[in-house]
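Read the numbers this way: they start at 1 and go in the same order the structure lists the ligands and their atoms.
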Amino acid sequence: MDDGQYFYHPLENIEDVELFYEAVERGHLTKAISPDRPYTYWTIELYDQKNGIRGGGGLGVLAADTRRVAEKMNVPFALITPFYPYETHQKISSGQVQDDHIAIDYKKYGFKFVDTVNIKCCDTLCSLDVIEKRFGSTRIIAITEPNFGELYSGMSGSDHRLYQEVALGFGGYAALKLLGLKPAIMQLNEVATFFAALARLDELARNGMDFYEAVVYTRKHTLYTNHTLVQAAEAEFSREQFERYVFPNLHSLALKKWLSDKFTNDRIKLSSVTIETAELRSGVSRLHARVANYKDVAGNKVKFKAITNGIDMDTWVLPETMEFYKDTGIVDDINAPTIDYKDKLGNLTAEKVRELKSIGRKKLNEILKNRPDHKGKVLHFDDNDFIFDFKRRFVDYKRPELPFRDPVRLRNILESRGAHYILAGRVHAGDKTMSEKLHRLLNTIEADDYLRDHVHYIADYDEQLAYGLSVGANAAINVPIVGLEACGTSWMKDVANLNFLISTHDGGVADASINSYLNVSGADEDEELNMLYQRMEEALVANENDFDLEYILRQQLAAYLPVISGARMLQDYLDFLFPA
Ligand SMILES: *Cc1c(COP(=O)(O)O)cnc(C)c1O
């Protein structure tokens with residue numbers, strides 16, 4: 001990054017405002033990123049088990065991958081997140097989901113204690129530990145205390161959630177100051193991180209900046225990344241909750257008044273105030289950015305810039321496959337596709353695919369040794385066993401049970417080639433509908449003498465299982481109800497690891513044309529189901545035919561490598577936030 005390329009000015013004194021507007025006129029909105037002025041990324045969820053932090057799903061995986069890509073690209077980057085002292089693990093016992101809670105010690109994961117910071121809650125001071133771990137140009141700054149609780153514990157809209165969010169925002173902002181850091185930009189990974197922007201606004205306003213200029217300043221330096229489709233679905237907080245947890249942490253009277261005016265009937269949605277404090281807004285796929293239905297306080301539809309999620313390929317792709325992509329010039333040294341990557345894909349032969357999938361299969365078998373299926377059986381697969389998988393959170397819109405609606409047809413398809421079907425995905429704590437659906441699904445499997453031995457549910461879906469199935473299965477089933485998936489990243493892991501993608505045209509999949517993969521569509525669910533079965537048959541046949549195998553996998557990679565590349569994603573963010 002060329003520092004001289006961007007306008008630089010010091011923050012937090014009154015001359016700032018003039019310098020700031022001068023910069024606006026010259027078209028350089030934002031200051032350079034530097035080690036003490038990093039890109040800051042705020043997230044309530046991080047999925048990074050190697051560093052002791054377990055997330056809930058895609059939102060946390062994305063955060064971990066974004067930091068890893070920033071490290072690779074040498075971008076000064078600080079990720080601010082809670083360290084949860086407990087995490088949940090799920091198991092299946094007589095067909096029922098059970099949650100276990102396990103204590104986690106940050107010291108075991110190489111985090112260093114920095115100091116404590118205080119926030120106010122309910123008339124008392126809460127002391128929060130600031131801990132830190134550095135990786136090249138990046139770092140994770142985490143906020144924690146022994147009673148911080150678990151990720152997404154309690155109901156959304158509850159006091160405890162508000163406490164966690166306030167602790168991350170105000171505590172995290174104080175932690176930045178403690179470490180001598182000023183944010184070049186604040187990226188808010190969903191609205192649970194809104195309080196970080198509020199903390200900054202408060203600091204600017206109380207240090208003498210005119211309040212409205214402080215609002216403008218904060219707005220120009222805050223990016224709100226939305227992952228949700230409808231604002232209506234979001235939890236609300238009450239004025240009374242804000243009076244206990246939020247207002248006591250604000251110093252600026254003008255800001256208190258401003259925030260106080262944002263309530264409707266004494267209730268507030270964080271998205272409405274996040275939109276007010278972030279002029280930069282992004283959605284996580286082309287389709288999502290177009291259809292996300294959010295209104296600002298004036299009632300106007302909010303526009304989101306489309307920046308499709310990507311993955312850190314070094315984390316998710318089999319090392320031997322990465323080596324192949326690099327050696328043949330398909331990707332460059334930061335794992336972005338090269339200019340002529342489409343031509344280079346000609347090097348991907350069926351023989352090469354089989355060689356790489358065989359290495360991936362071994363890796364999967366290793367992982368499965370410790371991950372028995374729902375019947376306690378340790379699975380092992382040969383190279384020529386065909387494996388379909390569904391691996392994603394068990395939420396209704398992702399339709400985990402769709403392929404099981406016609407068990408006889410499913411059986412016939414699998415039996416024609418001796419194929420297996422692996423299901424992995426956690427049920428959200430307290431989601432009765434989905435635990436019942438899972439229970440019924442397991443009964444359906446048990447009732448059929450072929451499915452019984454060829455369909456396997458593996459509990460406690462996590463990064464390890466996601467990796468094992470991506471490198472070791474053959475075809476991924478991704479069938480969200482069209483319009484409901486914001487992006488999804490599991491399918492990216494599958495495409496990059498040379499699996500057939502059988503998918504509805506939704507989320508990031510819809511960034512490319514419908515002919516890029518084994519598409520599932522139809523006028524209603526019955527038609528979709530019929531097409532899903534046809535696609536499964538097609539994958540089984542193509543797997544035995546070199547020409548088809550090469551054709552389909554090359555086509556998937558040609559369409560999606562630029563989407564998948566985390567380097568592409570981060571570059572898109574940098575171009576959007578720091579236009580030259
Ligand atoms: C990749 C990954 C996800 C992402 O899931 P999507 O359903 O594609 O959004 C979720 N959980 C884990 C453990 C993952 O590795």
Side-chain angles (χ1 to χ4, degrees), residues 43-69 87-90 151-152 189-190 225-229 283-285 287-288 308-318 363-364 367 371 389-400 402 422-429 431 434 458-473 476-497 499 501-511 517 560 563-566 569:
T43 184
I44 199 80
E45 177 182 336
L46 174 65
Y47 210 137
D48 191 348
Q49 272 182 295
K50 227 160 87 186
N51 292 307
I53 305 183
R54 184 176 196 181
L59 191 77
V61 171
L62 174 74
D65 277 8
T66 306
R67 189 205 58 73
R68 293 178 191 123
V69 170
E87 65 183 33
T88 328
H89 288 263
Q90 211 156 60
L151 172 66
Y152 303 140
N189 195 31
E190 265 306 340
T225 300
N226 170 283
H227 300 254
T228 322
L229 281 138
V284 291
S285 69
L287 179 64
H288 168 67
T308 305
N309 292 340
I311 58 172
D312 175 37
M313 296 180 71
D314 288 329
T315 299
W316 296 108
V317 184
L318 189 76
K363 183 74 209 163
L364 172 64
I367 291 170
R371 308 294 299 259
D389 75 34
F390 177 99
K391 50 172 180 335
R392 40 189 46 84
R393 282 179 302 126
F394 260 53
V395 289
D396 222 7
Y397 81 85
K398 291 183 189 261
R399 297 191 289 189
L402 187 66
I422 299 183
L423 286 147
R426 297 209 301 171
V427 175
H428 194 273
D431 187 344
M434 288 317 283
I458 303 179
D460 208 31
Y461 179 54
D462 63 356
E463 287 166 288
Q464 187 197 40
L465 210 45
Y467 178 76
L469 289 169
S470 302
V471 301
I477 296 193
N478 177 56
V479 284
I481 296 175
V482 173
L484 297 186
E485 186 72 86
C487 179
T489 52
S490 306
W491 65 269
M492 297 182 185
K493 302 166 191 167
D494 295 306
V495 168
N497 282 300
N499 299 336
L501 175 64
I502 299 174
S503 178
T504 47
H505 204 59
D506 199 21
V509 174
D511 265 31
Y517 60 99
Y560 292 116
V563 181
I564 291 168
S565 166
M569 168 182 67

Indicate yes or no for a side-chain donor-acceptor contact from R371 to the backbone of A459 under 3.5 Å, with no hydrogens or angles considered.
yes
Would you mind checking if R426 and D462 are paired as a salt bridge, meaning a charged N to carboxylate O distance below 4.0 Å?
no
Atoms in ligand 1 flagged as close to Y47, the criterion being non-hydrogen separation under 4.0 Å:
13 (C)
Heavy-atom pairs closer than 4.0 Å: do any link ligand 1 to the side chain of R393, the backbone, both, or neither?
neither
How does Y467 reach ligand 1, if at all, at less than 4.0 Å between non-hydrogen atoms: by side chain, backbone, both, or neither?
neither
Would you say I422 and F390 make side-chain contact, with heavy atoms under 4.5 Å?
no
Counting heavy atoms under 4.0 Å, the part of D462 that contacts ligand 1 is backbone
Output, in order, the C-alpha distance, side-chain angles, deciding distance and verdict of side-chain contact (heavy atoms from CB on, under 4.5 Å) for N189 and E45.
CA-CA 9 Å; N189 195 31; E45 177 182 336; over 6 Å; no
Provide, to 0.1 Å, the distance between atom 7 (O) of ligand 1 and the closest protein heavy atom, together with that atom's residue and name.
K398 NZ, 2.6 Å
Check each atom of ligand 1 against the heavy atoms of E463 and keep those under 4.0 Å away; list them by number with element.
13 (C)
Would you mind reporting whether Y461 and K391 have side-chain heavy atoms less than 4.5 Å apart?
yes
Tell me: protein heavy atom nearest atom 2 (C) of ligand 1, and distance?
K493 NZ, 2.5 Å
Fit a plane to each ring of Y467 and W316, take the angle between them on a 0 to 90° scale, and name the class: parallel (under 30°), tilted (30 to 60°) or perpendicular (over 60°).
tilted
Close-contact set for ligand 1 against W316 heavy atoms, below 4.0 Å:
15 (O)
Could you tell me whether S490 approaches ligand 1 through its side chain, its backbone, both or neither, with non-hydrogen atoms closer than 4.0 Å?
both
Any side-chain donor paired with an acceptor under 3.5 Å for D511 and T308?
yes
Give the numbers and elements of all ligand 1 atoms closer than 4.0 Å to a heavy atom of T489.
1 (C), 4 (C), 6 (P), 8 (O), 9 (O)
Students should be able to answer this: which protein heavy-atom is nearest to atom 9 (O) of ligand 1, and at what distance?
G488 CA, 3.5 Å
Salt bridge flag under 4.0 Å for residues R67 and D312
no
Looking at D65 and K493, is there a salt bridge between them, counting it only when a charged N and a carboxylate O are closer than 4.0 Å?
no
Where's the contact between V61 and ligand 1, heavy-atom distance under 4.0 Å: side chain, backbone, both or neither?
side chain
Who's the nearest protein heavy-atom neighbour of atom 11 (N) of ligand 1, and how far?
Y461 CE2, 3.6 Å
